[in-house]
2 protein chains.
Amino acid sequence: MSENPELMIVEHVLDAVADQRLQAGTKLGEQALCDLFSCNRAHVRRALATLAAHQVVDLIPNRGAFVATPSEAEARDVFQARRAIEATIIRNVVRNANATDLTALRAHLEEEDRVRSANDRSRAIRASRAFHMLLGRIGRNGVLEKYLSELTMRTSLIIGLYGSNRASLCDDDEHSRIVESIVNRDEATAQSMVDMHLRHIESEIDFNKERPRGGPLSVLIQPTVPE
Amino acid sequence: MSENPELMIVEHVLDAVADQRLQAGTKLGEQALCDLFSCNRAHVRRALATLAAHQVVDLIPNRGAFVATPSEAEARDVFQARRAIEATIIRNVVRNANATDLTALRAHLEEEDRVRSANDRSRAIRASRAFHMLLGRIGRNGVLEKYLSELTMRTSLIIGLYGSNRASLCDDDEHSRIVESIVNRDEATAQSMVDMHLRHIESEIDFNKERPRGGPLSVLIQPTVPE
DNA sequence: ATAACATAAATTGTTAACAATCTAAATAGA
DNA sequence: TCTATTTAGATTGTTAACAATTTATGTTAT
């Protein structure tokens with residue numbers, strides 16, 4: 001646990017949020033983080049400021065830091081923003097994807113298949129997000145990739161809060177059909193498939209079924225599965 | 001200069017960058033900021049962490065904080081991201097704009113006219129950005145609005161670095177024609193006008209004409225003109 | 001005069017101590 | 001038994017001091 005402790009904390013919190021190990025509303029106490037990452041409070045505070053800038057953490061004066069709990073309105077904005085951003089990303093992907101990229105996409109689909117049959121929910125969530133992030137990487141626009149990273153994390157919080165049971169993960173079949181249209185260099189189809197895919201995910205959310213928020217912090221240390 | 005000094009610093013730096021008062025590469029020394037905002041270094045450091053998270057500041061270990069200097073590749077990504085985001089924003093605007101919003105848009109056009117005839121470059125830059133931010137507000141998607149805010153600031157840095165003389169500000173006529181199509185509820189036209197407008201701005205950039213970077217910090221305190 | 005080196009100043013990084021605020025527990029009163 | 005108040009503990013906010021590193025200055029030798 002050496003290296004820059006500040007980045008360490010940020011990365012681990014983001015990872016835990018993305019994997020839905022850290023629930024919305026969980027308190028991120030300063031001393032607790034100091035202990036977990038064996039560093040001093042100055043590091044923790046700067047890390048929390050960074051996380052707050054990414055909208056993953058709410059900073060409440062004199063109360064502390066909490067994992068953000070997106071409202072219904074915010075959730076709708078996040079999904080619309082994802083449609084806007086991923087529309088351009090998928091266009092870039094269809095245009096730029098080379099043989100290596102296509103191989104990576106196929107490999108990912110196999111991984112998703114494997115994970116699904118293994119019935120490992122945690123890995124499934126991870127893999128679902130990884131697909132979208134893979135598209136982001138192949139799209140070769142660092143700005144959009146970073147925004148997508150933020151938005152997928154906020155999506156994780158939203159699904160954790162309001163998602164129905166099956167809504168938790170992307171439909172593998174939709175992913176594979178997206179890859180298919182990428183292989184075919186069919187821009188229009190790829191774009192509409194991604195748009196529908198995102199609307200599908202959003203549709204399986206029920207804002208009346210708010211779940212209990214807050215949870216343990218220990219999940220932060222869970223070794224990051226190397227994908 | 002009371003109130004939360006952290007937000008104070010962030011806001012002032014962002015404002016100065018947006019107005020092109022703060023040049024790319026300018027060093028943001030901790031003690032200098034402490035003096036300017038009469039606070040301690042802990043505040044300054046957290047503010048710099050926040051600014052770094054927004055990609056407006058580069059944090060170099062043991063060297064300090066510097067206003068970011070976007071590369072050519074980053075500049076292209078920023079403009080593509082703007083097209084992606086503002087396309088959705090303008091669609092929202094055409095759909096959502098009510099009478100009050102239209103009045104605000106017309107008032108803004110008049111302000112731009114006034115500023116142009118006054119030949120006040122500083123206010124002109126401010127007004128140009130304000131137009132896009134006004135669209136962002138009327139679009140009523142907080143996520144996209146925030147991203148647009150970040151991207152317009154990075155655009156300011158890019159234009160400050162590589163922009164030709166006239167490229168510094170938006171063409172007022174293009175703005176007024178965008179408003180016209182909003183009034184007409186002509187979604188397709190509005191969208192293509194915004195897209196062309198952004199491409200126009202990008203086209204007036206010359207990456208061979210890199211300008212000297214770095215500058216004074218005193219500009220930070222310049223009283224924020226209330227628009 | 002220039003380059004390399006040594007020294008001094010300034011800047012960033014780190015840590016600890018103290019103050020202010022909030023949370024929770026315990027006590028007292030209705 | 002329940003509510004209100006007080007008290008103790010824990011947590012966040014603030015500040016200062018010290019260490020490590022970098023930058024600037026000045027000296028010496030070629």
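Chain letters run A, B, ... following the sequence lines, proteins first and then strands; every chain starts at 1. Just the heavy atoms: all of them, side chains too, but no hydrogens, waters or symmetry mates, feed the values below. Quantities reported herein were computed from a predicted structural model and do not represent experimental measurements.
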Please determine whether the number of non-hydrogen atoms from other residues, nucleotides or ligands lying under 6.0 Å from atom CZ of A:Arg137 exceeds 12.
no
Carboxylate-amine/guanidinium proximity below 4.0 Å for A:Glu202 and A:Arg199
no
Atom-to-atom span, CG of A:Leu33 to C1' of D:dT12 - whole angstrom
13 Å
Mind telling me whether A:Tyr147 and B:Tyr147 have parallel, tilted or perpendicular rings, with 30° and 60° as the class edges?
parallel
For D:dG13, take OP1 and OP2 only and decide whether either is under 4.0 Å from a side-chain N or O of A:Arg45.
yes
Nucleotide C:dT14, atom P - distance to CG of A:Asn4 in whole Å
8 Å
For B:Leu48 and C:dT11, what is the distance between atoms CG and P respectively, to the nearest whole Å?
14 Å
Find the distance B:Arg46:CZ to C:dG13:P and express it as a whole number of Å.
16 Å
Tell me whether the OP1 or OP2 atom of C:dT14 has a side-chain N or O from A:Asn40 closer than 4.0 Å.
no
Please tell me which of B:Pro61 and A:Pro61 maps to the more 5' nucleotide of DNA chain C, matching each residue to the nucleotide holding its nearest heavy atom.
B:Pro61
So what does A:Arg41 hit on the nucleic acid, given a heavy-atom distance under 4.0 Å: a base, only sugar-phosphate, or nothing?
base
How long is the line joining CG of B:Asp35 and C1' of C:dA10, in whole Å?
13 Å
Length of the line joining B:His43:NE2 and D:dT14:C1', which is rounded to integer Å:
7 Å
Between atom CG in A:Asn62 and atom C1' in D:dT14, what is the gap in whole Å?
12 Å
Would you call the rings of A:His175 and A:Phe131 parallel, tilted or perpendicular, where under 30° means parallel and over 60° means perpendicular?
parallel
Looking at C:dT23, I'd like to know if its phosphate oxygens (OP1 or OP2) sit under 4.0 Å from a side-chain N or O belonging to A:Lys27.
no
Find the distance B:Gln31:CD to C:dT12:P and express it as a whole number of Å.
9 Å
